[in-house]
Amino acid sequence: PEGAIIGDDVAEFYGVKHYEPPDTTTGGENVPAPPGYHPNYDVDTMYRYAHLFEEGEPIIVSEKIHGASGRWAFIDGQMYCGSRNLWKKEDDRSIWWRALRRNPEVEKFCRDNSSVTVYGEVYGWVQSLRYGRKPGEVDIAVFDLLRGTEWIGVLIARDTGPFLPWVPVIFAGPFVREDIFKMAEGASLVPGARHLREGIVVKPLTERTHPEIGRVQLKVVSSEYLEKE
């Protein structure tokens with residue numbers, strides 16, 4: 001619009017809203033949300049917010065898995081399974097429940113840590129990248145833990161749940177902006193996969209927030225993946 005400069009947020013001017021895809025292809029009925037704080041999961045893009053990382057800052061880079069975001073928690077004696085936006089009734093049609101059954105270590109962790117919500121990606125026969133899974137198979141790749149209302153730092157989280165099926169780590173070391181975007185390219189590190197990776201997620205080793213986006217963690221989607229898709 002007139003008077004705008006590069007970097008201005010003009011979404012409100014144009015009436016642009018973030019698209020929330022409906023859960024229409026993954027099955028199962030919805031149930032009320034469990035008590036407590038279990039927010040939807042969002043990661044902003046490195047292309048817009050790279051300046052939030054300092055050159056040389058210690059980071060960890062993990063693979064971004066192409067699937068459907070999920071969350072799992074054991075609260076008041078009941079196991080809960082959710083998509084990014086909704087919570088799901090236990091049902092064979094639900095990919096989140098089917099993935100949990102294939103990854104019993106996730107449920108065991110939730111039962112042993114009732115104050116923690118597990119966040120991860122359900123992958124396999126969900127999206128275009130299948131990661132070597134057989135028809136109908138789905139698995140979980142854990143990417144975060146939330147204790148109460150606080151996210152657990154990446155290293156502490158992996159120590160807290162060492163037997164969970166974590167997303168693959170691509171790099172741990174200092175942040176160098178020109179190198180980060182290169183890491184988004186290449187083959188997936190998920191065991192059994194025979195294809196490219198969707199991208200990466202970059203987190204600081206020391207958990208922190210920033211006024212611009214809140215929790216600091218950013219994603220880069222692979223250019224090769226975007227061209228293919």
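The first residue of the sequence shown is numbered 1, and numbering continues consecutively from there. This structure is a prediction, so every number in the text was calculated from the model and none was measured.
Glu54 CD: 12 or fewer foreign heavy atoms inside a 6.0 Å radius. With a 6.0 Å radius and a threshold of 12 heavy atoms from other residues, nucleotides or ligands, Glu12 has its CD atom at or below the threshold.
One distance of note links CD of Glu198 with OH of Tyr123; it measures 14.0 Å at 0.5 Å rounding. Annotation: the span from Leu196 atom CG to Ser222 atom OG amounts to 5.5 Å, rounded to 0.5 Å.
Taking the six-membered ring where the residue is Trp, the centroids of Tyr41 and Phe143 are separated by under 6.0 Å. Taking the six-membered ring for Trp, Tyr225 and His66 have ring centres closer than 6.0 Å. Trp151 has its ring centre less than 6.0 Å from the ring centre of Tyr119.
Residues Leu189 and Arg197 meet the side-chain proximity criterion, which asks for heavy atoms closer than 4.5 Å. At least one side-chain heavy atom of Pro39 sits less than 4.5 Å from a side-chain heavy atom of Leu146. Residues Trp125 and Pro135 form a side-chain contact, since some pair of their non-hydrogen atoms from C-beta on lies under 4.5 Å apart. The side-chain heavy atoms of His38 and Tyr80, taken from C-beta on, include no pair separated by under 4.5 Å.
In this structure, Glu224 does not pair ionically with Lys228, as no charged nitrogen and carboxylate oxygen lie closer than 4.0 Å. Taking a cutoff of 4.0 Å between a charged side-chain nitrogen and a carboxylate oxygen, Asp91 and Arg98 do not qualify as a salt bridge. The pair Arg48-Asp44 does not meet the salt-bridge criterion, since no charged nitrogen lies less than 4.0 angstrom from a carboxylate oxygen.
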Inset, instruction - Report the C-alpha separation of Asp139 and Arg133 in whole Å, then their side-chain angles, then the decisive distance to 0.1 Å, and conclude whether the salt bridge (Lys or Arg N to Asp or Glu O under 4.0 Å) test is met. - result: CA-CA 9 Å; Asp139 271 306; Arg133 296 317 185 254; 2.7 Å; yes
If you look only at distance, which donor and acceptor atoms sit under 3.5 Å apart when one is on a side chain in residues 155-182 and the other is two or more places apart or in another chain?
{"residue": "Arg158", "atom": "NH2", "partner": "Val167", "partner atom": "O", "Å": "2.9"}
{"residue": "Thr160", "atom": "OG1", "partner": "Ile156", "partner atom": "O", "Å": "2.7"}
{"residue": "Trp166", "atom": "NE1", "partner": "Gly161", "partner atom": "O", "Å": "2.8"}

